[in-house]
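Any value given below was found using the heavy atoms of this structure, including those in side chains, with hydrogens, waters and symmetry copies removed.
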Amino acid sequence: RVSTGTWNFTLRQQTSGSAVFRFMSESNSATSNGYAGSFGWNAAGTVITYGIPRLDAGASTSLCSATESLTRGEIYTFALTRTRLGQLEVSRSGVSQCTATDTTYTNSNYIIINTDTNAHDFDAITAYGYRDAGTFTSRIFDTVISTPVWGQFVATISSTSARAITFTV
């Protein structure tokens, strides 16, 4: 019942057509409520439009979308992310392609993949649920130095605008 986290997968397009990766679905019905990643290729197989629709009893409302030229038959890595605050994101190869915020649905019972016959190959599917907030307290380490040298804590971190890491001492 993961409703927040990141769903990763690879996608290869074989022919023109469309595919839907329903990463949040309340039931296994085609008219179930939830969110999905949608992927549609033009007839020539050279342009893909993808994004996140909200699915409302069979109706689809686009929350965000992106269009780009990709090569038919190549394998591409995608990630769909949803935070507790309803922030949604589609990434391709680690680069954010579109974002939206929607809190209509918060529960998920199923992950469903729909694709045109032999049109798409989904592979390497992983789902990582995570907590959006919390506290981690690290252990105390003995530095084995009789007089430790104290100094500035320096860290290099990067995250999308939907995520952040805070250090406190």
Discussion item. Could you see if Val20 belongs to whatever hydrophobic cluster contains Ile111? Use Ile, Leu, Val, Met, Phe, Trp, Tyr and a side-chain cutoff under 4.5 Å.
Written reply: no

Discussion item. Give me the atom names and distance for the closest heavy-atom approach of Val47 to Ser69.
Written reply: CG2-OG, 4.1 Å

Worksheet item: Are side-chain heavy atoms of Thr81 and Phe23 found at a separation under 4.5 Å?
Response: no

Practice prompt. Starting from the C-alpha separation in whole Å, work towards a yes-or-no answer on side-chain contact (heavy atoms from CB on, under 4.5 Å) for Leu85 and Thr103.
Written response: CA-CA 7 Å; Leu85 301 175; Thr103 57; over 6 Å; no

Worksheet item: Which value, rounded to the nearest 0.5 Å, describes the distance between Gln13 atom CD and Phe39 atom CZ?
Response: 12.5 Å

Worksheet item: Is it true that a side-chain atom of Asn114 and a backbone atom of Ala19 form a donor plus acceptor pair closer than 3.5 Å?
Response: no

Worksheet item: Of the non-hydrogen atoms in Asn33 and Ala57, which two are nearest, and what is the gap between them?
Response: OD1-N, 2.7 Å

Worksheet item: Residues two or more places apart in sequence or in another chain: which of them pass side chain to side chain contact (heavy atoms under 4.5 Å, CB included) with Ala44?
Response: Asn42, Thr46

Worksheet item: Quick one: side chain to side chain contact (heavy atoms under 4.5 Å, CB included) partners of Asn8, sequence neighbours excluded?
Response: Thr6, Ala79, Thr126, Tyr128

Discussion item. The criterion is ring pair (Phe, Tyr, Trp, His ring centres under 6.0 Å); which residues satisfy it with Tyr50, sequence neighbours excluded?
Written reply: Phe78

Response to the item:
Taking every heavy atom of Leu70 against every heavy atom of Trp41, the minimum-distance pair comes out as CB-CH2, 3.6 Å

Worksheet item: Residues sharing Tyr110's hydrophobic cluster, by side-chain heavy-atom contacts under 4.5 Å among ILVMFWY, directly or via others?
Response: Ile112

Discussion item. Which residues pass the side chain to side chain contact (heavy atoms under 4.5 Å, CB included) test with Ser65, not counting sequence neighbours?
Written reply: Ser62

Worksheet item: Does some side-chain heavy atom of Leu63 sit less than 4.5 Å from a side-chain heavy atom of Tyr35?
Response: yes

Practice prompt. Quick one: pull up OG1 in Thr4 and CZ in Arg84 and give me the separation to the nearest 0.5 Å.
Written response: 8.5 Å

Practice prompt. Kindly indicate whether the side chain of His120, heavy atoms from C-beta on, has any atom under 4.5 Å from the side chain of Gln14.
Written response: no

Fill in: Distance-minimising heavy-atom pair for Val90 and Ile52
CG2-CG1, 3.3 Å

Discussion item. Going by salt bridge (Lys or Arg N to Asp or Glu O under 4.0 Å), name the pairs with one or both residues in residues 29-38, residues two or more places apart or in two chains.
Written reply: none

Discussion item. Among residues at least two apart in sequence or on other chains, which ones pass side chain to side chain contact (heavy atoms under 4.5 Å, CB included) with Ile125?
Written reply: Phe9, Phe21, Ile113, Phe122

Worksheet entry | Under the side-chain hydrogen bond (donor to acceptor under 3.5 Å, both in side chains) test, residues paired with Ser25 that sit two or more places apart | Ser32

Worksheet item: Which pairs pass salt bridge (Lys or Arg N to Asp or Glu O under 4.0 Å) with one or both residues in residues 7-35, sequence neighbours excluded?
Response: Arg12-Asp121

Worksheet item: Looking at residues at least two apart in the chain, or sitting in another chain, which of them share a side-chain hydrogen bond (donor to acceptor under 3.5 Å, both in side chains) with Thr77?
Response: none

Item to complete: For the pair Thr99 and Cys64, evaluate side-chain contact (heavy atoms from CB on, under 4.5 Å) and give the outcome as yes or no after the intermediate values.
Response: CA-CA 6 Å; Thr99 60; Cys64 74; 5.7 Å; no

Worksheet item: Once you round to the nearest 0.5 Å, how far does OG1 of Thr67 lie from CD of Gln97?
Response: 10.5 Å

Discussion item. Show every salt bridge (Lys or Arg N to Asp or Glu O under 4.0 Å) that has at least one partner inside residues 91-107, sequence neighbours left out.
Written reply: Arg54-Asp102, Glu68-Arg92

Worksheet item: Can you name the residues that form a side-chain hydrogen bond (donor to acceptor under 3.5 Å, both in side chains) with Thr31, not counting sequence neighbours?
Response: Ser29

Worksheet entry | Minimum heavy-atom distance between Ser91 and Ser96, given as atom pair plus value | OG-CA, 3.8 Å

